[in-house]
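Take a look at the structure below.
Quantities reported herein were computed from a predicted structural model and do not represent experimental measurements. Residue numbering restarts at 1 for every chain, and letters A, B, ... go by the order of the sequence lines.
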Number of protein chains: 2
Amino acid sequence: MRERVTLRDVARLAAVSAKTVSRVVNDDAHVTPGTRARVQKAIAELGFQPNLVARSLRVGRADVVGLVVESLADPFFARLTSAVEQAAYERGLAVMVSSVGNQEPERESVIVESLLVRQVAGLIVAPMAQSHTYLAGPGRRTPIVFVDRLPEGLVSDAVLVDDLAAAETATRHLLDHGHRRVAFLGSELRNPTTRLRLAGYRRALAAHGLAGDESLVAVGAGTAAEAREAAELLLAAPQPPTAIFSSNMRCSLGLVPLLHGRGRTDVAVVSFDDFAMADSLVPAVTVLDHDPEVIGRAAAERLFRRLDEPDAPAETVMVPVGLVARGSGELRPPGHEGGDGHVPQDSLQDRVRHGAEGRASTMTTPHAQEGAR
Amino acid sequence: MRERVTLRDVARLAAVSAKTVSRVVNDDAHVTPGTRARVQKAIAELGFQPNLVARSLRVGRADVVGLVVESLADPFFARLTSAVEQAAYERGLAVMVSSVGNQEPERESVIVESLLVRQVAGLIVAPMAQSHTYLAGPGRRTPIVFVDRLPEGLVSDAVLVDDLAAAETATRHLLDHGHRRVAFLGSELRNPTTRLRLAGYRRALAAHGLAGDESLVAVGAGTAAEAREAAELLLAAPQPPTAIFSSNMRCSLGLVPLLHGRGRTDVAVVSFDDFAMADSLVPAVTVLDHDPEVIGRAAAERLFRRLDEPDAPAETVMVPVGLVARGSGELRPPGHEGGDGHVPQDSLQDRVRHGAEGRASTMTTPHAQEGAR
DNA sequence: AACCGCTTTGTCATCGATGTCAAGCCATCG
DNA sequence: CGATGGCTTGACATCGATGACAAAGCGGTT
């Protein structure tokens with residue numbers, strides 16, 4: 001079997017030094033067209049391919065970006081990963097993905113370290129851990145972009161969706177359609193995203209002069225099955241909600257089938273996160289849609305700029321979230337008259353979007369959502 | 001800022017040689033408890049972390065597996081990736097994912113090469129390209145496990161689902177429920193998976209003594225929107241089908257909303273690939289479910305065994321596909337009497353599975369499905 | 001002819017770890 | 001007491017590329 005072909009083999013065949021071959025491979029300008037051709041011929045003849053591990057060792061970083069998410073089985077993170085991967089490919093970088101799982105957020109640091117020791121050029125992290133001080137030491141030079149929420153105890157680049165404002169928008173949307181008993185369905189409260197969305201929900205209630213009724217807040221549902229149970233309890237209460245704000249996809253995947261199975265499609269629903277088939281149910285499900293592709297690409301581009309300018313100040317990029325009205329969020333409460341009770345029949349055609357639109361906005365203040373905690 | 005900490009720094013502090021530190025790091029038995037403790041103390045004190053790129057260069061391979069799929073945005077591949085990533089993590093390996101996209105299958109070779117030059121220990125590839133002779137040269141030592149279909153022009157490990165048998169099962173299921181006009185909805189025919197499934201469909205028809213009616217075969221729909229159009233044409237035909245076998249998820253995501261929007265839920269449907277909400281529609285959608293997690297883990301485990309035994313003969317692992325009857329596939333054609341017209345109300349409870357079950361089976365004959373081409 | 005400056009090419013060391021092989025050390029045994 | 005053998009430890013080369021620097025080549029100037 002032929003041995004592995006190296007730079008030196010090419011050099012020998014082309015009767016030049018290894019360094020010259022390296023120059024040709026790296027498109028260095030200081031090579032005569034003649035020798036360049038000779039070297040390229042030798043490269044083709046031997047089928048030489050540079051060993052990127054050796055290059056990485058020499059230059060001190062691999063042309064790889066690391067990506068840390070909760071779970072690739074979650075379509076949100078899958079599409080985010082897809083966007084990151086495409087952006088990276090365009091820049092000639094590979095992507096290493098690792099998932100933390102939703103059982104032990106502490107694993108995050110282990111996973112991050114395992115990528116750092118592989119000398120990744122940069123990291124994109126959807127934070128799960130409570131604290132990120134473990135990344136704060138003086139020897140840590142690898143740039144990190146956080147997505148979805150800010151790290152605790154660390155100033156760094158980040159790409160965020162405006163969770164609080166979006167949740168407020170969704171809740172206000174339901175209130176504006178006449179509901180007064182609006183429930184909140186969410187995951188673990190130790191997840192800051194859940195906390196922000198709950199805060200937005202409460203802010204909207206307060207703006208309407210409604211005191212929060214804690215019996216309408218159901219949190220802690222980590223799986224669709226648990227969300228289903230939580231929703232069952234809400235509906236069985238003496239004064240059940242007429243509308244439910246489901247604060248993430250897992251909750252919606254528990255809630256929506258339950259309502260349809262029970263024939264309770266009179267309950268208004270707005271879901272944070274879009275999901276497959278959400279627009280083909282009757283009524284179609286109104287959602288807050290924060291596009292994972294947009295977030296993923298924004299994070300990748302933020303990281304690339306950071307690689308080009310390591311010393312610029314940390315930046316937070318805000319990605320807008322739109323409300324896609326499809327029917328379920330525009331239902332009126334029982335006994336309510338007037339207004340447009342209109343439920344679009346084929347909602348694919350007449351989507352309406354409210355809320356922030358257009359390009360992501362950038363700010364150098366790294367603690368945009370700090371006040372909400 | 002503190003410099004990067006290397007093996008030598010630890011060696012200096014512990015007053016031993018670099019090699020001894022290496023031995024401690026790699027749990028080599030030939031180290032005195034005393035020196036081991038001294039070295040470990042120094043490691044902890046300096047916060048030393050071995051540079052895996054350097055190790056990879058030295059040992060000639062990175063502790064990384066490469067994964068090549070069509071698209072991470074496709075939930076099937078996302079879940080497959082998730083399973084591979086978990087299996088790899090358990091073995092201390094990282095995963096580099098790259099997607100080829102469905103536009104240019106030729107890109108596959110570029111992507112694969114880009115992983116090979118990074119010295120991945122092994123590859124898992126869901127093949128898109130027509131030919132894989134580009135992998136056949138003598139210098140190619142990196143093991144590759146193919147998933148979903150066999151490579152062309154190359155003998156290699158593979159993990160397959162029995163597409164032909166599964167498609168035959170699905171079609172037979174519809175025929176057994178009394179249908180005589182069963183349509184086939186599929187993607188590009190240049191995709192061998194589509195070809196195998198079409199062959200299974202035809203075989204089931206033939207077994208029932210039905211000549212294939214080519215007007216019932218709609219292929220070429222690459223997106224859900226195209227599948228929707230193709231399905232519209234099928235339904236508008238002079239002799240429309242009473243049942244449709246949708247041969248992949250994209251097709252189903254076009255077909256099913258169309259049927260629901262048109263109020264044509266009388267048309268029987270079996271879908272290859274499960275999808276979100278498929279079980280909460282009325283009627284719930286009967287699917288062929290080949291679990292991407294099972295395939296991903298089988299592929300990873302096949303690869304790990306290959307890493308342990310580089311010279312064993314190539315193996316093909318077959319992963320079973322089950323039919324999940326939920327209602328839509330058990331509808332009877334118009335005018336048909338008798339039999340159990342029963343449609344399960346809450347199909348989550350009474351799933352019925354037919355077809356092969358249990359563990360994946362292994363064979364060393366590498367061309368299990370060759371005859372079907 | 002000698003010199004300058006510029007480009008092209010080469011030499012050598014280096015990135016950080018590990019494989020090879022040998023030296024050092026101690027215990028055991030003839 | 002010296003030889004033998006096992007175990008621990010270290011010196012050195014090496015994986016394959018690239019950075020720093022130097023030498024060689026070449027044309028133009030005075």
Side-chain angles (χ1 to χ4, degrees), chain A residues 2-40 42-43 46-64 92 116-121 139 141-142, chain B residues 2-40 42-43 46-64 92 116-121 139 141-142:
Chain A
R2 208 189 313 164
E3 287 304 306
R4 190 165 277 171
V5 181
T6 78
L7 214 60
R8 309 196 100 74
D9 300 321
V10 176
R12 203 171 308 127
L13 180 60
V16 295
S17 76
K19 181 74 228 205
T20 299
V21 179
S22 169
R23 290 198 179 95
V24 172
V25 169
N26 291 290
D27 274 328
D28 189 304
H30 301 293
V31 182
T32 302
T35 52
R36 178 182 301 274
R38 220 165 62 247
V39 170
Q40 279 167 337
I43 288 176
L46 296 176
F48 167 73
Q49 305 227 254
N51 181 328
L52 294 196
V53 168
R55 173 182 293 164
S56 296
L57 174 60
R58 184 65 243 241
V59 306
R61 69 185 44 211
D63 43 3
V64 173
L116 289 176
V117 296
R118 291 183 164 92
Q119 310 296 116
V120 295
R141 57 183 101 249
T142 310
Chain B
R2 209 189 313 162
E3 286 305 305
R4 192 167 276 175
V5 180
T6 78
L7 213 61
R8 307 198 103 72
D9 300 322
V10 177
R12 205 172 305 126
L13 180 59
V16 294
S17 75
K19 181 72 229 204
T20 298
V21 179
S22 170
R23 290 200 179 93
V24 171
V25 169
N26 291 290
D27 274 327
D28 189 303
H30 300 293
V31 181
T32 300
T35 52
R36 179 181 301 274
R38 223 164 62 246
V39 170
Q40 278 167 338
I43 288 176
L46 296 175
F48 167 73
Q49 305 230 256
N51 181 328
L52 294 195
V53 168
R55 172 183 295 164
S56 296
L57 174 60
R58 185 64 241 245
V59 306
R61 70 184 45 210
D63 43 4
V64 173
L116 289 177
V117 297
R118 290 183 166 92
Q119 311 295 115
V120 294
R141 57 183 101 252
T142 310

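Distance alone, capped at 3.5 Å, is enough to place a donor-acceptor pair between the A/T6 side chain and the A/R8 backbone. When atom types are taken as modelled, the side chain of A/R118 and the backbone of B/D63 share a donor-acceptor pair closer than 3.5 angstrom.
Contact between B/T142 and B/A121 at its shortest, heavy atoms only, is CG2-O, 3.9 Å.
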B/D9 and B/R4: salt bridge (charged side-chain N to carboxylate O under 4.0 Å, His left out), yes or no, with the steps?
CA-CA 9 Å; B/D9 300 322; B/R4 192 167 276 175; over 6 Å; no
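Rounded to an integer number of Å, the gap from A/L7 CG to C/dT9 C1' is 14 Å. Distance CZ (B/R4) to P (C/dT14): 17 Å, rounded to an integer number of Å. For the pair B/K19 NZ and C/dT18 P, the computed distance is 7 Å after rounding to whole Å. The distance between atom CD of B/Q49 and atom C1' of C/dA17, rounded to the nearest whole Å, is 15 Å.
Between A/I43 and A/V25, some side-chain heavy-atom pair lies under the 4.5 Å cut-off. At least one side-chain heavy atom of B/D27 sits under 4.5 Å from a side-chain heavy atom of B/R36. Looking at heavy atoms from C-beta onward, A/S56 lies out of side-chain contact with A/Q119 at the 4.5 angstrom threshold.
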Contacts under 3.5 angstrom, residues 15-23 of chain A side chains, donor-acceptor by atom type, not counting sequence neighbours:
| residue | atom | partner | partner atom | Å |
| --- | --- | --- | --- | --- |
| A/S17 | OG | A/K19 | N | 3.4 |
| A/S17 | OG | A/T20 | N | 3.3 |
| A/S17 | OG | A/T20 | OG1 | 3.3 |
| A/S22 | OG | A/N26 | ND2 | 3.4 |

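For the pair B/T20 and B/R58, nearest-nucleotide mapping onto DNA chain D gives the more 5' position to B/T20. In terms of position along DNA chain C, the nucleotide closest to B/A54 lies nearer the 5' end than the nucleotide closest to the other residue of the pair B/A54 and B/R23.
At a threshold of 4.0 angstrom between heavy atoms, the contacts of B/V16 are confined to the sugar-phosphate backbone, with no base atom among them.
For DNA chain D, the contact window with chain A, defined by any atom under 4.0 Å from a protein heavy atom, covers D/dG16 to D/dA20 in 5' to 3' order.
Contacts of residues 30-38 of chain B with DNA chain D (heavy atom under 4.0 Å): B/H30, B/V31, B/T32, B/T35.
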